[in-house]
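What's counted below: heavy atoms across the whole structure, side chains too, no hydrogens, waters or symmetry copies. Quick caveat: nothing in here was measured; it's all calculated off a predicted structure.
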Amino acid sequence: KAVFFEQSAHHIVLKGMAKKERRKRGTGMVSSQTVGYVGDILEQQENLNEVEHVAPIKKGKKRKLDKPTGKSNATAPDMGVTSGVSLALGAPGVPVVAPTSFSGTTSPGEWTALVAKLCEGGAALENIEVRHTGPIHGHGVFARRDIGVGEVAFALAANQALTLELAEQDEVVSQVGKLLCNRGEHVVNDLLMCLRLCRARACPHDILHLYVASFPPTAPGISSWPEPFRGVLSSTTLGRDLLVVDAELDAWCKLLQQVAEVEPSLLRPQGAFERPCLEWARGMLHSRQSPLCHNGTAMCMVPLVDLLSHKPGAAFTVKIGTAGRLEVISTATVTAGQQLHLDFGKLNNAELLRKYGFATEDNKWDFFPLPLSQSAKTKDGADDAVIHVTAYGVPQDVIDVIEAEQDTEQFVAILRSVLLQKRAVKEQIQRLPVALNFNVCKGPLARARKRWIEALLEGQLRVLNGCLETLRTAEEDAEAAEAIVAVEEAGESEAGGESVDEAEMLLMLHRKKRRRTRRRG
């Protein structure tokens, strides 16, 4: 009764606020955004009342509450804890959550129908619930009760995962693939999966529509970020990745244009396979796919499993159980109300941003693709334009070659590249507050994206500093340290108008070192 009277009173207050704001709007005293905000809150409250079957109080009438039947000890759901309403779906005692706000395109009824469909298909979801965690991370999976070590948190039937085999069973996807193959075109699996997602998204009667409709309207990866953020990232090591994504989407559009010319009626419904739709589907595929098949590499998207956020050393793992059932198993004790996470693996911040649209501070898996001149040699003597350096510095095998062969040329190339990249990263960090100012970073999601870019750049700077320390110990010679200090000072002096050729300075110092070594010999 207390819950009923509290919600009814809140409903009346909201209606009064909306009426008052509309009156002010008529006199030009308030903007339409304020009225829309109050209207959105009122609509959410009406949806909540509808789910709980509680009607608002009407003026002049008293509503008689139905007396409870039986001796049930059930209590009203704690709205402050679950951020939603618990409903019983399928078998008794299998509660799920209908969130009151959504980052995706689902409504409470559609989300409820999706979980109900999973339960009917053999999913075991009694230990978990879905909650909306906010505008940054969207939905998440939480434990409804304590889960012990080795216990199955939740499980889904094998046929409830979207695989490439299931995608090719769709009539349109199958015909598009065959038509392109007959024309001698190479069809990548990613394109077929994306076509299936686009079809399911556009067709309300599709068997996968409830699942795909639960996805957010915008992909999380950096290729779908607004232009100001893409502009900043284009000057970083992720700039090439953005170009690769654009080129891939262009190639897909050209392939589908060939299909439209041969079979104009095949790509249906109309507008479902435009470039924005393909970009959305590609982002969803890369951020939500999981290698869960027996070979560990097949493409697979699993409902609810794709809601598990990344956390290094997470207490859950995904395995294939009996009869091909997909099981999420706890590797540590989890208390009720705790969010479930997965460890996505040894991914650096660039990889996390590219696929999932976030980064972590002090990522120990960070590395930097260090470009070298074409004259630099690897340990096997082959030309190599890039080496991957980590927070621990230059790879040890490269250092061993430098020390064993007295390879001054490679030492100079690595040192010069490290100093140039360090200066470039510092400049990017300095420009960040101007490029992503307050006018650009409005809202929690935009501010979070700025923090993630900062984490990327700061991690790269930490890696490059580690490389300098490694190079200092690579040659236990005062001249090597002198070369590093000299070039660093030269870089700082350029701001005052002076300019020093770093390569010439390094070559001069190391040629001097070689002459001294020969004289001693």
Side-chain angles (χ1 to χ4, degrees), residues 103-105 134-138 188 190-191 194 197-198 201 215-254 273-289 309-310 344 347-361 363 366-369 371 386 420-421 423-461 463-464:
S103 63
T105 57
I136 297 178
H137 300 291
V188 296
D190 284 15
L191 175 58
C194 290
L197 293 176
C198 291
R201 188 189 191 193
F215 296 172
T218 304
I222 57 173
S223 60
S224 301
W225 284 15
E227 189 56 38
F229 296 92
R230 285 174 55 96
V232 171
L233 291 169
S234 62
S235 63
T236 68
T237 54
L238 288 172
R240 183 178 178 277
D241 297 287
L242 293 174
L243 296 177
V244 169
V245 173
D246 291 339
E248 185 176 32
L249 291 173
D250 291 339
W252 289 1
C253 291
K254 291 179 180 179
F273 305 101
E274 300 293 337
R275 183 188 173 94
C277 299
L278 292 174
E279 181 181 355
W280 170 86
R282 184 188 180 282
M284 291 296 107
L285 176 64
H286 282 265
S287 63
R288 290 174 174 260
Q289 67 175 336
S309 301
H310 170 64
F344 291 177
L347 301 179
N348 65 341
N349 278 337
E351 188 77 9
L352 291 174
L353 282 170
R354 181 167 54 250
K355 286 186 176 181
Y356 308 106
F358 71 91
T360 60
E361 296 182 357
N363 190 338
D366 267 340
F367 68 84
F368 192 93
V386 175
L420 289 176
Q421 295 302 322
R423 184 185 306 170
V425 172
K426 280 186 174 181
E427 292 175 353
Q428 292 164 1
I429 294 176
Q430 292 173 356
R431 292 195 301 263
L432 199 60
V434 178
L436 300 179
N437 53 36
F438 176 77
N439 293 326
V440 175
C441 298
K442 293 182 178 179
L445 180 57
R447 291 191 290 270
R449 285 170 173 167
K450 180 180 178 180
R451 291 196 302 269
W452 294 330
I453 295 177
E454 290 174 345
L456 168 71
L457 296 177
E458 291 171 357
Q460 292 181 343
L461 187 60
V463 168
L464 294 173

TODO: Apply side chain to side chain contact (heavy atoms under 4.5 Å, CB included) to Phe368 and Leu464, showing your working.
DONE: CA-CA 8 Å; Phe368 192 93; Leu464 294 173; 4.0 Å; yes
Task: For Glu279 against Ser223, the heavy-atom pair lying closest together - done: OE2-O, 2.9 Å
Task: By side chain to side chain contact (heavy atoms under 4.5 Å, CB included) - contacts of Ala281 (at least two apart) - done: Cys194, Leu197, Cys198
Open item on the list: Has Lys450 got a side-chain atom pairing as donor or acceptor with Cys441's backbone, closer than 3.5 angstrom?
Closed with: no
Task: With Arg451 via side chain to side chain contact (heavy atoms under 4.5 Å, CB included) - residues at least two apart - done: Ile136, Arg447, Ala448, Glu454
TODO: Applying side chain to side chain contact (heavy atoms under 4.5 Å, CB included), name anything that partners Glu274, two or more places apart in sequence or on another chain.
DONE: Pro276
Task: Contact summary for Ala455 and Thr360, nearest pair of heavy atoms - done: CB-O, 4.0 Å
TODO: Applying ring pair (Phe, Tyr, Trp, His ring centres under 6.0 Å), name anything that partners Phe367, two or more places apart in sequence or on another chain.
DONE: His388
Open item on the list: Parallel, tilted or perpendicular: which one describes the rings of Phe358 and Trp452, with boundaries at 30° and 60°?
Closed with: perpendicular
Open item on the list: The criterion is side chain to side chain donor-acceptor pair (under 3.5 Å); which residues satisfy it with Thr237, sequence neighbours excluded?
Closed with: Gln460
Task: Pairs touching residues 228-250 that satisfy salt bridge (charged side-chain N to carboxylate O under 4.0 Å, His left out), sequence neighbours left out - done: Glu227-Arg230, Arg230-Asp246, Asp241-Arg354, Asp246-Arg275, Glu248-Arg282, Asp250-Arg275
TODO: Give the minimum heavy-atom separation between Gln428 and Ser235, together with the two atoms involved.
DONE: NE2-O, 2.6 Å
Open item on the list: Once salt bridge (Lys or Arg N to Asp or Glu O under 4.0 Å) is applied, do any residues pair with Lys355, and if so which ones, sequence neighbours excluded?
Closed with: Glu351
- [ ] Apply side chain to side chain donor-acceptor pair (under 3.5 Å) to Asp366 and list each qualifying residue two or more places apart in sequence or on a separate chain.
- [x] Asn349
- [ ] Can you see which heavy atom on Leu233 is nearest to which on Ile453, and at what distance?
- [x] CD2-CG1, 4.0 Å
TODO: Work out which heavy atom in Gly283 is nearest to a heavy atom in Ala219; give both atom names and the distance.
DONE: CA-CB, 3.6 Å
Open item on the list: I'd like to check the side chain to side chain contact (heavy atoms under 4.5 Å, CB included) partners of Pro433; sequence neighbours left out, ordered by chain and number.
Closed with: none
Task: Arg201 to Pro217 - nearest heavy-atom pair and separation - done: NH2-O, 3.8 Å
TODO: Look at the side chain of Trp225 and the backbone N and O of Gly357, then say whether any donor-acceptor pair between them is shorter than 3.5 Å.
DONE: no
